Amino acid sequence: GAAGTDFAYVRTPGNQYSHAPIQNLASPQMTCYQEGSATAPKTFSVAAGGQLHIYYSQAPYHPGPYQVYMAKVPSGSTAGTWQPSGAVWFKIYSSGATFKGPGDMFPATCKFHIPSAKRTRPNPLGVTIPKNLPAGDYLVRPEHIGLHIPGAPQLYLGCGQVTVTGGGSGVPGPLVAFPGAYNMSDPGLSANLGSHPKTYTAPGPAVWTG
C-alpha cells in the first residue's frame, strides 16, 4: 500500500517534538512510547507474506540494530482501541550486525522520510509479514537501539496499527513483555562498540519467521 501521512496509522509518540530516546528499560513507555492512551485514527491493511514499509520522520543515525515486533489484538478489541500489556510481543525482524570493519558494524539502514515536496526521501525499512501469521488486527512495534554510548543504550520506538489479511495457522513466539524483555546486562544492550567486538547478539527473543 501507499505511505500514509505522519501518525495516520502510527500512534503519536511521546517524543514527536523532542526526539528523545527511552533509556529506562523498566519504563511503561517501552510498550509503545505513545502519548497517553491515544491511538491512531486508521489501521493499515497488509497481506501475510507481503512487505510492510516503516517510515521514520527523522533519520535514526546512531549505530545499532533495527528490530520489529508484533502483538495480536485479542478478540473483542481492535488495533484502534487495544492497549497492550504483558507477554504479547513476538519478533519478526532483526537487522543484526555486519562487521565490515571498525566503526562499521551495522547496516546503513537509517530509514527516513522528509514530508516535503522538494526533500522527500522515501527510504523505508521493509519487513516481511510472516506468511503463516493468522489473519486479524495487530500492533507493530519497530525499534532502533542506539549503542553509541557504552552502557547507556538509547531506544527509539513506536506502535503502528495493522490488519493482516490472508495468513495461516502459525503460532507466533516466543512471546515477551515490554517493559520486561530487556535488561541492561543483556550483551546486545551493554555492548561497547568502541572495543570493536567481533560478535553481536541483539536483545530479545529469536525472530519468528512463520
Side-chain angles (χ1 to χ4, degrees), residues 1-4 8-11 30-34 39-40 42-56 60 64-98 106-109 111 122-145 155-183 186-189 199-210:
Y9 306 100
V10 176
R11 299 181 176 190
M30 282 289 292
T31 307
C32 282
Y33 207 173
Q34 68 191 64
T39 60
K42 298 180 180 181
T43 298
F44 191 78
S45 180
V46 60
Q51 280 271 304
L52 180 66
H53 291 161
I54 299 168
Y55 291 85
Y56 291 83
Y66 292 80
Q67 304 200 103
V68 180
Y69 291 83
M70 295 183 71
K72 181 72 167 66
V73 176
S75 177
S77 297
T78 68
T81 62
W82 186 48
Q83 302 293 341
S85 64
V88 295
W89 299 97
F90 56 96
K91 188 190 294 183
I92 65 165
Y93 175 84
S94 183
S95 64
T98 58
F106 293 93
T109 49
K111 311 296 185 179
N123 190 24
L125 174 65
V127 298
T128 300
I129 301 298
K131 65 180 180 179
N132 287 325
L133 186 67
D137 278 11
Y138 289 82
L139 294 186
V140 178
R141 179 188 175 278
E143 68 178 19
H144 174 60
I145 304 174
L155 284 88
Y156 302 84
L157 59 95
C159 283
Q161 302 171 182
V162 302
T163 297
V164 174
T165 61
S169 56
V171 181
L175 300 179
V176 298
F178 287 108
Y182 294 171
N183 293 289
D186 292 343
L189 295 172
T199 61
Y200 176 80
T201 301
V207 172
W208 186 75
T209 60

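The structure presented is a predicted model; accordingly, all values stated were derived computationally and were not measured.
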To the nearest 0.5 Å, what is the distance between [atom1] on [X] and [atom2] on [Y]?
{"X": "Ser45", "Y": "Tyr9", "atom1": "OG", "atom2": "OH", "value": "9.5 Å"}
{"X": "Ser77", "Y": "Gln83", "atom1": "OG", "atom2": "CD", "value": "9.5 Å"}
{"X": "Thr163", "Y": "Lys42", "atom1": "OG1", "atom2": "NZ", "value": "13.5 Å"}

Should [X] and [Y] count as side-chain neighbours, where that means a heavy-atom distance under 4.5 Å?
{"X": "His144", "Y": "Tyr66", "value": "yes"}
{"X": "Thr31", "Y": "Pro179", "value": "yes"}
{"X": "Thr165", "Y": "Val46", "value": "no"}
{"X": "Trp89", "Y": "Pro84", "value": "yes"}
{"X": "Leu52", "Y": "Val68", "value": "no"}
{"X": "Leu155", "Y": "Tyr33", "value": "no"}
{"X": "Ser94", "Y": "Val207", "value": "yes"}
{"X": "Glu143", "Y": "Lys91", "value": "no"}

Ignoring hydrogens, what is the shortest heavy-atom contact between [X] and [Y]? Give both atom names and the distance.
{"X": "Asp137", "Y": "Ala79", "answer": "OD2-N, 3.0 Å"}
{"X": "Ala8", "Y": "Ala40", "answer": "O-CB, 3.6 Å"}
{"X": "Tyr200", "Y": "Gly188", "answer": "OH-O, 2.7 Å"}
{"X": "Ser95", "Y": "Pro65", "answer": "OG-CA, 3.4 Å"}
{"X": "Phe90", "Y": "Lys72", "answer": "CE2-N, 4.4 Å"}
{"X": "Gly49", "Y": "Thr128", "answer": "O-CG2, 3.8 Å"}

Exercise. Take Gln67 and Leu157, measure what side-chain contact (heavy atoms from CB on, under 4.5 Å) needs, and give me the verdict at the end.
Key: CA-CA 9 Å; Gln67 304 200 103; Leu157 59 95; over 6 Å; no
Practice problem: Going by the side-chain contact (heavy atoms from CB on, under 4.5 Å) test, name the single residue among Val127, Leu139, Val140, Val88 that passes it with Met70. | Solution: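 Among Val127, Leu139, Val140, Val88, the one meeting side-chain contact (heavy atoms from CB on, under 4.5 Å) with Met70 is Val140.
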Closer than 3.5 angstrom, by distance alone: can the side chain of [X] be matched with the main-chain N or O of [Y] as a donor-acceptor pair?
{"X": "Arg11", "Y": "Gln161", "result": "no"}
{"X": "Gln34", "Y": "Gly158", "result": "no"}
{"X": "Asn132", "Y": "Gly170", "result": "no"}

Practice problem: Dump the intermediate steps for side-chain contact (heavy atoms from CB on, under 4.5 Å) on Ile129 and Ile92, then the final yes or no. | Solution: CA-CA 7 Å; Ile129 301 298; Ile92 65 165; 4.2 Å; yes
Quiz item: How far apart are the C-alpha atoms of Trp208 and Leu133, what are their side-chain angles, what is the distance that settles it, and do they pass the side-chain contact (heavy atoms from CB on, under 4.5 Å) test?
Solution: CA-CA 10 Å; Trp208 186 75; Leu133 186 67; 3.8 Å; yes
